[in-house]
Every structure is written in C-alpha cells, then in structure tokens.
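A quick write-up on the structure given underneath.
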Amino acid sequence: MNKQQNILIIGAGLCGSLLALRLGQRGYNVTVYEMRPDLRKTDISAGRSINLAFSDRGNKAMKLVGIEDKVKELCIPMTGRMLHDKEGNTFLSNYSGRDYEYINSISRGGLNALLLDEAEKHENVKIHFNKKCKFVDFEKTTALFMDYHTKDEFIEDADCIIATDGAGSALRKSYFLEKKFLFSFSQQWLSHGYKELSILPTDDGGYKTYKNALHIWPRGDFMVIALPNLDGSFTVTLFLSYDEGEYNFNNLTTPEIVTEFFKKEFPDALALMPNLVNDFFENPTAPLGTVKCSPWHYKGNTLLMGDSAHAIVPFYGQGMNASFEDVVVFDEVLDEFENKGWETVFSEYENRRKPDTDAIADLAIDNFHEMKDHVGQPIFQEKRKIEMALEKEFPEDYSSKYSLVTFNEDIGYREAMLRGRAQDKAILNMLADGDISTTLDMTDRVVLKSILDKVKTETEAILEDDRVASLH
C-alpha cells in the first residue's frame, strides 16, 4: 500500500489519538474528526472517568511511539488494593509479590492531551474538533459529519476509515442498521451503574489518605473505589445497583438519605468527603456495559477499533490498556501485511485480536464480583497470601491470574485468562480440601516449593481436562 494513502479516523479519544500518532509516524496521511471540543482548551471531563489505571500493556504502546518517559510523569504508582472495612480498618493487598510490578493512576485528560500534542507534531496528521459523525457509507468509504458550531453537514472520503469513537460508535451503528452484511452485535448492561465523587486535597495540597494504592470499600453488592490524582485529590467512584437492595441509585434522592448511606456503609470515606452531597447531586449516574460484535471490518474500507469494537466494564483496569494494545497489534499486522492491502490487514488484525478482547471483557465482569465481594472473604485472602508468597519466592516460576493479565504484556488476554482461571481453581480446591494451608511457614522456601509443585500439577490437570472437554 502506498504511504500517501489517506486514513480517516473517527474519534480523538485515547485510542484514536494514539492510532493517529502511530500511523503518522509510519508516513500515512491521517485526518481525525472528534465530536467533542479540544480537551486541551476546555474541560470536558463531566461524567467520564477522570483517572484510569495504566499498566504494562498500555506502556508497551507508549514505548512503541517513543513517549514512555513523558507518560511516566503523569503516573502515580499504586502498589496494591487498600481494603477498607465498615469499622474503618484497612488492609493493603499487594498486586504482586514482585516489588517492581504495580499499576498506575493516570489522568485521562492529561494523557489524551499528550497524545494529541505528539500526533500533531507530524505534518501528515490533521485533527479537527466539534465535528460529529452522523453516518458512514462503508461501501463508498465516506463519512457524513456535522459541524457543531455552523450546523453544516459535509462528507469526507478516504482510502480507509477507522472508527475509534467509543461504545456509541457511529460506524458500528451504520454496520448494524444498514444490514448489508451479516453483522453480530451484543450489548449487555450490568444491573449496577456508577457515579464519580471526590476526596479533595488537604489545605496544603496533600493527600488525605494513603497515596500509593487503589482504595476499595467492598460491601458485597456494591462498593466504592478511589484512585489518586497528581493534585492531592482522589477520584472516588460509587458502584451501586439502580434498583436493588436497601440503598440504590433510584432511592438515593435526598441529601439526608445519601449521607445516611455513607455514614452506615463507608464512615471513614465520609469523613474525608465533606463535599459528598454536592458531588452526588451534581454528577451524573452512568451505566456500565459490555459491547461485543463481529466482524470489526468491512472489506478493506472500514474498521472498528478500541471501545467501538469491544467496550468493557472497568473492573480489571484494562479498558484503556486493551485499546492501546489494539494499536500495538495493528502495528505488528501492518509490519507483516502492509503490502497486501487493507482487506488483508483488517482481516488478520481481527483474527489475531478478537479472542483476546472477548477474554478481557469476561475477566472484567469476573473482577466486578471479586472486588465488591470476594476480596473480603477469608478463603480469597488465603489464596492471595499464597500467591504473593509464590511470586516473591519464585518470581520466574509463578504469576497469579491478576499478574498474567496486568503485568505480562507479551502473552494475550485469552491465554492469561485460561491459565489464570485454572490456577485459581487449583488453589481454591486445595485450600478447601486442606492439601495446602496458610498456617504453614510462608517464609520457608522448602514449604513454598512444595506448594508451588502442587499448584502447578493441579493447574496442568485442570487445563488438560478443559482441553479434553474442547473448551479451547
């Protein structure tokens, strides 16, 4: 494919701006249209996650485009989950037994602005804001846009169109509504929604609670989490059912009920949040859903990427990382098939990528139940204790499911899921049967080696059973 080809990208969010930067580096002519205003000039964060979890898969993409060091300046390391019980007791559960493995809290706006700045350094990349995509003619490779200011409509054509316009994608809608080919689509909502709240900095700009952790208040059917920001604040998110349970979004209708709810369930968080009632009634309640679809592409004309192809719920902290990994995989496919034309590139990319994005979507739902409920259960805490000890003592030989997904960027999500689930099953089974126990000396290398051997043997047996049952 000749490098003077014109690529149209719909959406200048995290995935779209990274894709524009990478394709610009590769020499393509890239035009990006974004429906929102330029976030570098106006605050458009309302209702969207202010900060996100950034980990190794995302960082691999930053290395690819050469901005790893600039991104690092936006990061706050979080070494584990700080669990808060109803009495205000806290317990730090590390993400890994290896000291060098941690995730980061990063500002969505700060990272997006950096990617836009880097993309616009390339003369062959043009980014336009306040232009809403209304329809994509995927047979003619054209897109209809409306300018928000003038209300004028105009058509853009290109050699190929890539949609990175999120869960409400205009291209995906066009695929679905036009019925020109067999297009499968599913959207599944959780019964829970979310609302963003905040813990403000201290008067001198410090943090009111421990800075280097992802804070969780797990309460069985609902939870609150908090991630640190560079300015000393925390972005707090309440995940709660719309209509089930004693307290839900539908009945939290007055300042008194909201305060009563937090006083009863999250007293130590409430003490840090004098601004709670204000935040609660100013910020929107938003739904949480999973989008799966196929195919992601139409011939060599159009392609879905990022959330437009595979939106997931936020409970593995992998939504942004998965979208960034999309760009890494797409880049690898271009290295191999660039001279074969867009249809080959798009087809190969989807074949390679979809099993992994399906896997992380399922894992994110699993982690929803884990975070709001399981993390507080004794057997789960025993499992984590064993996993931490194994990772610390045998860093080359053992990785928990969480580590496989979050810190092992060179294996796919699907492989991480299959192995990780088998390991979880193995450890929980053996704990329940008394074959292994945390009452043993967790600092004794011989004891730990015996546990590691048992876990490995049992894990392989479970994986083999799954293979026999044709599960993979």
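Please read all numbers here as calculations on a predicted model, not as lab measurements. Values reported hereafter were calculated over all heavy atoms of this structure, with side chains retained and with hydrogens, waters and symmetry mates removed.
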query: Does any N or O in the side chain of Asn29 come within less than 3.5 Å of the main-chain N or O of Lys126, such that one atom is a donor and the other an acceptor?
result: no
field: Non-hydrogen side-chain atoms of Leu304 and Ser169 separated by less than 4.5 Å
entry: yes
task: Answer yes or no: is there a side-chain heavy-atom contact under 4.5 Å between Lys211 and Ile76?
output: yes
- request: Could you give me the CA-CA distance, side-chain angles and deciding distance for Lys132 and Glu34, then say whether salt bridge (Lys or Arg N to Asp or Glu O under 4.0 Å) is met?
  value: CA-CA 7 Å; Lys132 179 180 172 66; Glu34 167 58 53; over 6 Å; no
- request: Could you label the plane-to-plane angle of the Tyr175 and Tyr298 rings as parallel, tilted or perpendicular, counting under 30° as parallel and over 60° as perpendicular?
  value: tilted
field: Closest non-hydrogen atom pair, Ser105 against Leu227
entry: OG-CB, 3.8 Å
Whether Arg384 side chain and Asn94 backbone form a donor-acceptor pair below 3.5 Å: yes
query: If we only count heavy atoms from C-beta on, is the Glu332 to Tyr349 side-chain gap below 4.5 Å?
result: no
- prompt: When you check the side-chain N and O atoms of Thr235 and Glu196, is any donor under 3.5 Å from an acceptor?
  reply: no
field: Validation row, ring centre His192 to ring centre Tyr242 under 6.0 Å
entry: no
Under 3.5 Å: donor-acceptor pair, side chain of Asn248, backbone of Ser241: no
task: List the steps, then state whether side chain to side chain donor-acceptor pair (under 3.5 Å) holds for Thr285 with Lys195.
output: CA-CA 5 Å; Thr285 304; Lys195 189 183 284 283; 3.0 Å; yes
message: I want to check something: taking the side chain as every heavy atom from C-beta on, are Ile225 and Tyr194 in contact at a cut-off of under 4.5 Å?
response: no
query: If you measure from CG on Asn59 to CZ on Phe407, what distance do you get to the nearest 0.5 Å?
result: 12.0 Å
Show every donor-acceptor pair shorter than 3.5 Å between a side-chain atom in residues 420-430 and any protein atom, with sequence neighbours excluded, or say none if there are none.
unit_1	atom_1	unit_2	atom_2	d
Arg421	NE	Asp366	OD2	3.3
Arg421	NH2	Asp366	OD2	2.8
Gln423	NE2	Tyr398	OH	3.3
Gln423	NE2	Ser399	O	2.8
Asp424	OD1	Lys383	NZ	3.1
Asp424	OD2	Lys401	NZ	3.0
Asn429	ND2	Lys425	O	3.3

task: State, yes or no, whether a side-chain contact exists between Leu19 and Arg22 at a heavy-atom distance under 4.5 Å.
output: no
field: Ion pair Lys121/Asp117, N-O distance below 4.0 Å
entry: no
task: Report the C-alpha separation of Lys292 and Asp362 in whole Å, then their side-chain angles, then the decisive distance to 0.1 Å, and conclude whether the salt bridge (Lys or Arg N to Asp or Glu O under 4.0 Å) test is met.
output: CA-CA 11 Å; Lys292 292 182 182 178; Asp362 295 345; 2.9 Å; yes
- prompt: Can His215 and Phe234 be said to form a ring pair (Phe, Tyr, Trp, His ring centres under 6.0 Å), step by step?
  reply: CA-CA 10 Å; His215 293 259; Phe234 286 80; 5.5 Å; yes
message: Less than 4.5 Å apart, side chain to side chain, heavy atoms only: is that true for Phe330 and Leu303?
response: yes
Trp342-His297 aromatic ring centre distance below 6.0 Å: no
- request: For ring pair (Phe, Tyr, Trp, His ring centres under 6.0 Å), just list the numbers for Tyr95 and Tyr102, CA-CA rounded to whole Å, side-chain angles, deciding distance to a tenth of an Å, and then say yes or no.
  value: CA-CA 6 Å; Tyr95 284 125; Tyr102 53 86; 9.7 Å; no
- request: Compute the centroid of each ring, for Phe138 and then for Phe183, and state whether the two points are separated by less than 6.0 Å.
  value: no
message: Would the distance check show the side chain of Glu68 and the main-chain N or O of Lys63 forming a donor-acceptor pair, the cut-off being under 3.5 Å?
response: no
task: Decide yes or no for Leu74 and Ser107: does some side-chain heavy atom of the first lie under 4.5 Å from some side-chain heavy atom of the second?
output: no
message: Strictly distance-based, threshold 3.5 Å: is any side-chain N or O of Glu178 a donor or acceptor partner for the main-chain N or O of Lys180?
response: no
Pair Thr31, Asn6: side-chain N/O donor-acceptor within cut-off below 3.5 Å: no
- prompt: To the nearest 0.5 Å, how far apart are OG in Ser323 and CD in Gln318?
  reply: 10.5 Å
Asp85: partners by side-chain hydrogen bond (donor to acceptor under 3.5 Å, both in side chains), with sequence neighbours left out: Asn89
query: Are the side chain of Asp435 and the backbone N or O of Leu431 linked by a donor-acceptor pair below 3.5 Å?
result: no
field: Flag side-chain contact, heavy atom, 4.5 Å: Phe91 against Met82
entry: no
- prompt: For Thr79, does its backbone N or O pair with a side-chain atom of Asn212 as donor and acceptor, under 3.5 Å?
  reply: no
Worked check of salt bridge (Lys or Arg N to Asp or Glu O under 4.0 Å) between Lys60 and Glu409: CA-CA 7 Å; Lys60 187 175 181 179; Glu409 68 273 26; over 6 Å; no
Residue pair Gln187, Thr290: steps toward the side chain to side chain donor-acceptor pair (under 3.5 Å) verdict: CA-CA 6 Å; Gln187 185 166 29; Thr290 301; over 6 Å; no
message: Under a 3.5 Å threshold, yes or no: a donor from one side chain and an acceptor from the other, between Glu325 and Thr357?
response: no
field: Distance-only polar pair, side chains of Thr438 and Lys385, donor-acceptor under 3.5 Å
entry: no
message: For Met305, is there any backbone N or O sitting under 3.5 Å from a side-chain donor or acceptor partner on Thr164?
response: no
task: Determine, using ring centers only, whether Phe239 and Phe222 are less than 6.0 Å apart.
output: no
message: Arg445 vs Glu393, test: salt bridge (Lys or Arg N to Asp or Glu O under 4.0 Å). Steps then yes/no.
response: CA-CA 7 Å; Arg445 188 178 169 88; Glu393 192 63 44; 2.8 Å; yes
message: With a 6.0 Å cut-off on the ring centroids, do Phe315 and His369 count as close?
response: no
message: Strictly distance-based, threshold 3.5 Å: is any side-chain N or O of Arg172 a donor or acceptor partner for the main-chain N or O of Ser308?
response: yes
message: Using only atom types and a distance under 3.5 Å, with no angle test, would you say the side chain of Asn104 pairs donor to acceptor with the backbone of Ile106?
response: no
- prompt: Do Glu387 and Tyr402 get their side chains close enough for a donor-acceptor pair, meaning under 3.5 Å?
  reply: no
